[in-house]
Amino acid sequence: MTRRTKIADLIRTEPLNTEVLVKGWVKAFRNNQFLALNDGSCAQNLQVVVDFENTDPSLIERIKFGASVGARGQLLESQGKGQRIEVKADEIYIYGDCNPDEYPLQPKKQTLEFLREIAHLRFRTNTFSAVFRIRHALAYAIHKFFNDRGFYYLHTPIITASDAEGAGEMFRVTTLPFDKTPRTENGEVDFKEDFFRRSTNLTVSGQLEAELGAMALGQVYTFGPTFRAENSNTTRHLAEFWMIEPEVAFNDLNDNMDLAEDMLRYVIQYALDNCADDLKILEERLIEEEKSKPQDQRSEMNLSDKLRFVVDNRFERITYTEAIHILKNSNQNKKGKFQFPVEGWGTDLQSEHERYLVEKHFKKPVILTNYPAEIKAFYMRQDEAKEGVPGPTVSAMDILFPGIGEIVGGSQREERLERLVNRMREMHIPEEELYWYLDTRRFGSCEHAGFGLGFERLVLFVTGMSNIRDVIAFPRYPGNAEF
RNA sequence: GCUUCAUUAGCUCAGUCGGUUAGAGCGGCGGACUGUUAAUCCGUAGGUCCAAGGUUCAAGUCCUUGAUGGAGCGCCA
């Protein structure tokens, strides 16, 4: 009995003139004779040559686009031009029929919007199978990067009682009945009756818990799902997404930037080294897409050039204050071409400003640092006053990528108890609720830093896809939790 | 949440100034061909023009409201 071989292995080892058994799905069936088979193990299809004169016609009839089939036969050098090897089938097996009358997928170009509506089937397209193989490779590369550097993978809770993380609206987690919620004497919902005996939510960030781990394990990272109940309708936001959050004791802002930059460069290089075929599929897709765009909107670099460019060049590092200066003096601003004119120091940058810095001015990834304290989170380390900087700043850093915007947000953390508590009071963050966080500053506190990397934004960049809903299997966003 | 664009065959789209019976390509189905590469060739079926209301002699086409989808903005990773 021949054992099944994966197509990727056959293509790699090419065991010519041996009997093989392959199983997969029909991608094309030409001429009643040439069956293109894909089993998901790689981007390439394997050609199976069917001896249509000596095969039961009722069997051949069932070889339809999308059907699950198997073939047993000799692996031979291909007589045709498009491929090196092929299987000359002695036997064809039909495992699952696929009625083309009802099957929504067709062997032709389909819009991403249409495929999103049939996300349960879109894995079967070349584009999405490539995206999800690359997504896997990137996830693996991230674990490898951190593991090789002596980081510990820390699983932080998905359900949290703290709503003080300040990273956005949260989804409530409860087992209380909606029709007759238990009430206290004051008429408020009585969370003492709830599952956890208190109000709980889905996490918006594992950072605070990661900091706790870093204060003993030294270097930790999280890689898990994150939930934001914001009513965000953009190509770069999801209600449920995956985030990587390293946290390192004794690191300062510069170490933090180095770590983030090394990591991004490493994982992108990993994709270049290990996902060439899949990247090629996506690159060709992009080239086709570009053709329908007006000349001035076409990008100068193709996908692999863009990735190599990021790997080969240091990111530009500038302070928020310097960025404001560049923006104010830009021709774009002077000519009034920004929809939002660059205001004075202290307000957050609009995405058109970030895009200008990354895509027009520096033409490479940019790390913006030392933002005004006013517009950043309470836990970020307060900078010493500096000449030429109009107001208090914090040791924050945002990494901006072309086409994506913010891909990483991080900071050196405020390790000085008194400063941290003062800041929390100013920002009305309840100290009692975060006593455990403050304990790290009470006992053996030290300099430390970390950041959050939006995994889907990374996948977006590497795959060259344009909507974040197309780089996660089953996207959750306002009004949509299908599948 | 705001702004804006779209919604016509299974899919992608065309449909002129409001005017007769709404078209194409791909896909499907039937057939031919048989070393093909999104095979090719011939034939064929397929429509609640997103929904409701309105204007008009007449609406796929104009107006109002709503639904869904895209893009941009805000919030951020």
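Chain letters run A, B, ... following the sequence lines, proteins first, then strands; residues in each count from 1.
- Of the candidates A:Phe309, A:Phe401, A:Phe362, A:Phe315 forms a ring pair (Phe, Tyr, Trp, His ring centres under 6.0 Å) with just one, namely A:Phe401.
- Side-chain N or O atoms of A:Arg228 include one that pairs as donor or acceptor with a backbone N or O of A:Val204 at under 3.5 Å.
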For nucleotides 42-49 of chain B, which of its nitrogen or oxygen atoms have a protein nitrogen or oxygen under 3.5 Å away, and what is each distance?
none

Output a table of nitrogen or oxygen pairs between the protein and nucleotides 4-8 of chain B separated by less than 3.5 Å.
none

Notebook entry, point to check: Tell me, what's RNA chain B's dot-bracket, Watson-Crick or G-U with both distances under 3.5 Å, | for other-strand, [ ] crossing?
Noted result: (((((((..((((.....[...)))).(((((.......))))).....(((((..]....))))))))))))....
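- Using a 4.0 Å heavy-atom cutoff across all strands shown, A:Asn231 reaches at least one base atom of the nucleic acid.
- Separating the C1' atom of B:C41 from that of B:U48 is a span of 36 Å, rounded to the nearest Å.
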Check: Reading nucleotides 33-39 of chain B 5' to 3', which nucleotides get B (base under 4.0 Å from a protein heavy atom), which S (sugar-phosphate only), which -?
Finding: BBBBB-B
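- Nucleic acid contact for A:Leu238: base, since at least one base atom lies under 4.0 Å from a heavy atom of the residue.
- A:Glu406 comes within 4.0 angstrom of the backbone, heavy atoms only, and of no base.
- A:Ser351 has no side-chain polar atom (N or O) that falls below the 4.0 Å cut-off from OP1 or OP2 of B:G72.
- Out of B:U12, B:G74, B:C75, the shortest distance to the side chain of A:Thr111 is found at B:U12.
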Return the polar atom pairs (N/O with N/O) between nucleotides 67-71 of chain B and the protein under 3.5 Å, or none.
from, atom 1, to, atom 2, distance (Å)
B:G70, OP1, A:Arg116, NH1, 2.4
B:G70, OP1, A:Arg469, NH1, 3.4
B:G70, OP2, A:Arg469, NH1, 3.4
B:A71, OP1, A:Asn467, ND2, 3.0
B:A71, OP2, A:Asn467, ND2, 3.2

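- Taking the C1' atom of each, B:G72 and B:G27 are spaced 34 Å apart, rounded to whole Å.
- Remark: A:Thr55 engages A:Val50, A:Asp51, A:Leu59, A:Ile60 in a side-chain contact (heavy atoms from CB on, under 4.5 Å) (not counting sequence neighbours).
- Taking the centre of each ring, A:Phe123 and A:Phe474 come in below the 6.0 Å mark.
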